[in-house]
Amino acid sequence: MKGIEFKNVKKAYGDTTIIENLNLKIHEGERLILLGPSGCGKSTMLRMIAGFEKITDGDLYMNANMVNEVPSGKRNVAMVFQNYALYPHMTAEENITYGLRRNKVNKQEIKRRLDSVVETLLLEPYLKRKPKDLSGGQRQRVALARAVVKESNFFLLDEPLSNLDAQLRVSARKELMNIHHTFKQTMVYVTHDQIEAMTFGERIALMNKGELQMLDTPENVYNRPVNIFTAKFIGSPPTNIMDMVYDNGKAIIGNQSFTFDTKWVKHIEASNATDFVFGIRPEHLQISKSPLENALKGKVKYVENQGDQYAVFIDMANSEVIAMSNSKDWNTDEVIFVQPMADHIHIFDKATTNSIGYPGV
Amino acid sequence: MKASMKLVSLLLLILLLAACGNSEASSDDTQNGEKTVVDYWHVNAETQGGQTVEELVKEFNESQDEIIVEPRYNSGMYQGLMQNLQAEAAAGNAPALVQIGWSYREYFSNNFHFIEPQEIIKNISEDEGYLEEKFLPNVLALAENNDGSQVGLPYSLSTPILYLNMDILNEAGVSPEDLTSWEAVKEAAKTISESTDNYGLYIAEAADNWNVQQLIESNDAAIINDGKAAFANEQGFEAYQLYADMITEDKSALHIGSDEGTQAFVTGDVGIAHLTIAQRKNISDNAAFEVSGVPSPAFDGEQLKVPAGGSLLAITTDDEEKQQAAWEFTKFLYEADSIAAWTEGTGYLPPTVDAVDNNDELKALMDEDTMMLSAYHQLENLVPWAPFPGGSGLQAEQLLIDMRDKILAGAPIEETMKATQEEINNLLQ
Amino acid sequence: MNKNNTLHLNKINMKPWLFLTPVFIMFSLFVFWPLLYTFYLSFFDWNMVSPTKTFVGIDNYISVLTNPTTYKIFLNTLFFIGILLLINLVVPYIFAFVLHLILNRLKGFYKTAIFLPAFISLVVGSILFTWILNPISGPIAEIAGWFGIQLPIWSQTEGLVIVVISLITSWKVFGYNFIMLYASISGISEEIIEAARLDGVPLHRIFLDIILPVSSSAGVYILIMTIVQGLQFVYTPISVITQGGPNYASSNLIYQSYNEGFILYRTGHSAALSIMTLLVFAILLLIEFKFVERGVHYEN
Amino acid sequence: MRTNSFLGILWHTIFILTVFILIFPIIFALGTSFKPLQEVYNNVLNIIPIAPTFDNYIGLFERLPMIQITMNTFTIATVVTIMKMLISFLAAYAFVYFDFKGKKFIYFIFIASIFIPFTVTMIPNYLIMSSWGLADSIFGVILPQISDAIGILLINQTMRSIPFSLIESARIDNISHSRIMIDIILPLIRPQLMSTGIWFFVNSWNEFVWPSLMLKSVDSYTLPLALQMFISAEGGTDLSVAMAVSIVTMIIPLLLYLVFQKYIIGTFTASGIK
């Protein structure tokens, strides 16, 4: 296949294993996000693709060629580093064209590519400046430009926006999107920021402790997390997780119960799990001071202003759950009714922490 | 990959360039064509007749067109020269003519190849009797090793004399005529240190035992007798006792390294100095006081003995043609005028008997300069510089230096001398 | 595929070795091989010229170890180390601290002037000091004479001779050590020191509790360099001024190896002594690492 | 930072005194080099000569091939510096930017070699040079001096200050290692390399022990060796000429230092051993 494929890849430093056994296919021309908490192995994966890290075991394919022993320079990948890695002694222009010049690309071609990228990224005024005379955003664009002019099939980005402030990130993402639209490279983008992942990725590979947790579109990762880790990692505030016992169409949570609809009842009964975990995102909990149908009761602990909405922390069935609300009028210790939206609940097998799936799919 | 090869070849290139630069500097050997080249190794620093060597060599080279002498200065005195000779031997080479310090006579003759002058003279009828004509028998014998081979010919000859700072002596009321024995010198030193602000006496403490040997042997003790150290006897103790007393008891003598001590004498802080005659020029040129000289004294009623300092000239090449050439040059060096220039330039004594009579300037110098005169008259009292046999000679000399340091620092004399003698004799076995 | 793999593998692994080749060649020829050869020579009786080397087993070592002079020289060596460390580690440490924290003016001048002698040959220094420090007729003796003070004849006085030779060596070594320590101290973040000052910590406590530990890796570097290189630097004034005398009072292990090898031509003795010197160095360094490194704070 | 003035004055006094002790010998040498020898002995305290003379310098250049000697010193110091920098640079690059089997051990071995006293390798090196016919050649002086691991240590330290990602960025662009060295590393650490180079140059310029064993003839002498031509156990020391040689010996190192001092102290201060 074209694109990139990890086949049974293992990475270890001495006795410490970073990645145990990884299988992952990255399609040609897609924007794949490698997402996960720090230390999950996502950067290691990127560096394996770049050829900076040796693969301990297993194979890595790029464009259907096994590349385990192919040195970085021969893999035809472009990369944007977290700290941009601009050469401090070269001007922006020299930085951008350095690789081309050293690889004997002819002058007209260099000029063509440079002009094109300068136009796309609006770099004209900065070309003669050295990195120390550029702002963070400008440096980031130069780094981007340097990667773009390579016109390579593979485009690796290692947390490229993490050193920018919030506003610059938005415009930088737009530029990236633009670039991808123009060049259609296979982009592999490492980040620990889920917003970036959701907004930029065509698919997200969520990693934890060296293991691939889920590989899917942002929508599916958000709406149909395959395990508890995914459910909790994606979304902010995180998904509420509660132990539950299934009893004849009902979920017993603490000493309260929630009645499933028939789709769920069938689905749960069809699964071979015995113990379950109930998950629901804060925005999928309706709360009310007056009684609601098929709702649980909880006690308000405190309210946090999140700008557009309020996060209400509720003590319910021996655990803390969060619900989102447009109102801030919740009094501490007030007993309220909490109703999970039936279409948005997630049920996990407690033993494996995997989702038991969704009815009707 | 290519560029890294470039880097490596750049390394080689630099080495190569340096090689070319260097070989240009030293490639003039080859231009001399048919002439026989004589490498002459000497130790004469600029302050010790270096220029005279150059001038003599130039004169010789211009006087004929068969032989070309190439002089080479060796730093670090005779020891430095010996080091260089070691290296040259390790590389399988040898110069043609070398100066060998007297204290290295045995070591040199035991470890290096040399040719006796008699061997060369044998084939040249006109030079028959040359050695006997030129040298006093006791002087010629200096260059004969313990096995009876003539290692070379005496060339640089120095003896220790007493230099006098007449300003101080006059102030203290000491007369040069009084300094006839070591006992008298001791008294004079005491008088000087008591009646002036100055030290009475300085005996050179170089990295050798030369000055001490003069002291001990002039009390009828011998540093070496029958190839064995023999100084640890009553006579020897007495001699050292006198020296040590001046330093530790009278505090009339200065106990310091030879550079500093010589400086102290020249700057006028010491009344009498027991130094080599080779320092004459340095002292008389730079002292701001009136300098005079008297011969080294003996102990009361004992025979004066002065060890020979300086060097002999040895022919070291295997090549017969070069041996002949070196011999020609040697004879040139012993011509009266050459010896006169040598004496003038270095302060050494003329080693040959005919030089003073055949050169007016030299004669004048000998007659007028009390220091030169004193030294020259000691030639008949010349004895060899304690020639310890075998490979351990250098170490024996070192032990004598250690002994001096110990005694002057206050160690008991008898014990120390006996111990050192025993140690040396163990070494020599 | 597999064949290709190994090919790549070779290529990847060859490069560092290629870069190390020049260093390997040079060091093998002029450091490692000579080291082994010295070890070899230490079992022979030889004078560098005689065609035969006599195998004597460990006789050279026994002779070195049974010679009381060796112990005297070993103690001298320790004495040299002690004094060199005092003058060239402790003092410049304090100087660097003072210059950084107490003095405001003339900083540049002090740095420049103190570092300057490090660029001058120690042979030159040794000859100069022999004259300047001549206790009878040198300039200092002259000035002391005005006050009726007589200088001790240091070159003939046991103990004192080591002190003076160390001082002469320090003339060259001091500046480098000072600059290195200053570099380390001035690299310490101002905030740490300001925080301590706000808490009213006295200066000497700031030095002991903050500066020393934080700059300790530079300190250890200077400590090791002072011992290892200082003892070698000392060689020059010894050889110019005292030749190890009087009675070995100013000799150290390094000078003595030289003396045995190139003055007395006892190659085997010299080699044995050198090997033992190397051992002593190794032990000293081990001790240091054990006791000093323990508290060392490393950046990175 | 404010400190009480007594402490300041006290320390300024100590510093000025130290500076005086350190600088005085140089001034003394300069003064002496313009004195006739007699004045050296008899007017010890006059630092400024009473009867200044150039004779010591004139005599020096007449009596010795000083130009040749200076050139020798210069050639040796230059070749040693360049070679040492080059091989240390290559080695440091391998140690910093490559992973290979035994790397730590090999690095340790090289660094440990700093602790080998020169006496340990002296005799064999002497024999090697003699047997190669390099005694009395500047090569005999140069070769062992190049093999000094201090260069690896210092350059290694400096290289580590460059962010690794710069090199990765170049590697990914298929830039060869040699190009990375020339285009990226070299320009980035040039000031530190210059300072280190000057330091090596000066040390080699001043080297005494090894050249004094190697070099025999005056024509191949270096400046520190020329000095000892005026010091003789038997003939006495000509201090004024010796001081003239000393001054000639000092000129280049001191010029280098004074011209580049801000720079040298700056990089020493900036990149100090961590």
Side-chain angles (χ1 to χ4, degrees), chain A residues 13-14 43 46-54 62 67 70-91 94-105 130-132 139 142-144 146-152 154-160 163, chain D residues 85 89-90 92-108 155 157-197 260 263 266-267 269-271 274:
Chain A
Y13 297 101
S43 285
L46 194 74
R47 293 171 59 78
M48 285 196 279
I49 300 172
F52 300 149
E53 301 281 358
K54 277 205 171 146
M62 293 170 77
V67 295
V70 177
S72 298
K74 305 285 184 209
R75 295 188 183 194
N76 194 22
V77 295
M79 181 156 172
V80 179
F81 291 81
Q82 183 172 9
N83 62 3
Y84 314 137
L86 295 179
Y87 309 122
H89 57 298
M90 297 185 194
T91 63
E94 285 164 348
N95 259 292
I96 294 169
T97 58
Y98 175 67
L100 301 180
R101 281 181 286 133
R102 282 293 169 237
N103 282 292
K104 307 240 160 43
V105 175
K130 290 197 172 166
K132 66 172 176 357
R139 283 181 207 172
V142 174
L144 213 53
R146 185 174 66 182
V148 167
V149 292
K150 262 188 104 173
E151 300 191 350
S152 56
F154 303 103
F155 202 93
L156 311 180
L157 301 108
D158 188 4
E159 311 221 11
N163 291 337
Chain D
M85 295 294 284
F89 184 85
L90 289 175
Y93 186 87
F95 284 126
V96 175
Y97 297 112
F98 284 98
D99 267 317
F100 50 91
K101 235 188 165 125
K103 174 167 119 167
K104 278 191 176 158
F105 177 72
I106 294 168
Y107 185 69
F108 173 79
I155 296 177
Q157 289 272 358
T158 315
M159 268 189 198
R160 280 177 193 283
S161 66
I162 300 173
F164 214 83
S165 56
L166 291 191
I167 280 68
E168 288 179 340
S169 171
R171 289 302 294 152
I172 214 173
D173 283 348
N174 196 27
I175 313 287
S176 68
H177 285 292
S178 349
R179 268 291 151 204
I180 292 177
M181 289 180 200
I182 295 165
D183 288 350
I184 298 169
I185 312 246
L186 218 50
L188 285 180
I189 58 173
R190 187 179 290 140
Q192 289 93 326
L193 289 182
M194 284 276 291
S195 297
T196 311
F260 293 104
Y263 192 60
T267 49
T269 315
S271 71
K274 295 273 163 61

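Below, read A as the first sequence line, B as the second, and so on, with proteins coming before strands; counting in each chain starts at 1. For the numbers below, each heavy atom of this structure counts, side chains included, while hydrogens, waters and symmetry mates do not.
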Quick check with a 6.0 Å cut-off and a 45 degree axis cone: is A:Arg146 positioned over the face of A:Tyr87's six-membered ring?
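The answer is yes, since A:Arg146 meets both limits relative to A:Tyr87.
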Heavy-atom pairs under 4.5 Å with chain A, option from D:Leu188, D:Asp173, D:Ile172 with the top count:
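The option with the most such pairs is D:Ile172.
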Hey, what's the ring geometry for D:Tyr93 with D:Phe98, parallel, tilted or perpendicular (30° and 60° as the breaks)?
perpendicular
D:Ile167 side, atom CD1; D:Met181 side, atom CE - distance, nearest 0.5 Å:
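Separation between the atoms: 10.5 Å.
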Return yes when atom CZ of D:Phe164 has more than 12 non-hydrogen atoms of other residues, nucleotides or ligands closer than 6.0 Å, and no otherwise.
yes
Among A:Val80, A:Asn83, A:Asn76, which residue has the highest count of heavy-atom pairs closer than 4.5 Å to chain D?
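Option with the greatest count: A:Asn83.
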Check whether A:Leu100 gets within reach of chain D through its side chain, its backbone, both or neither, counting any heavy atom under 4.5 Å.
neither
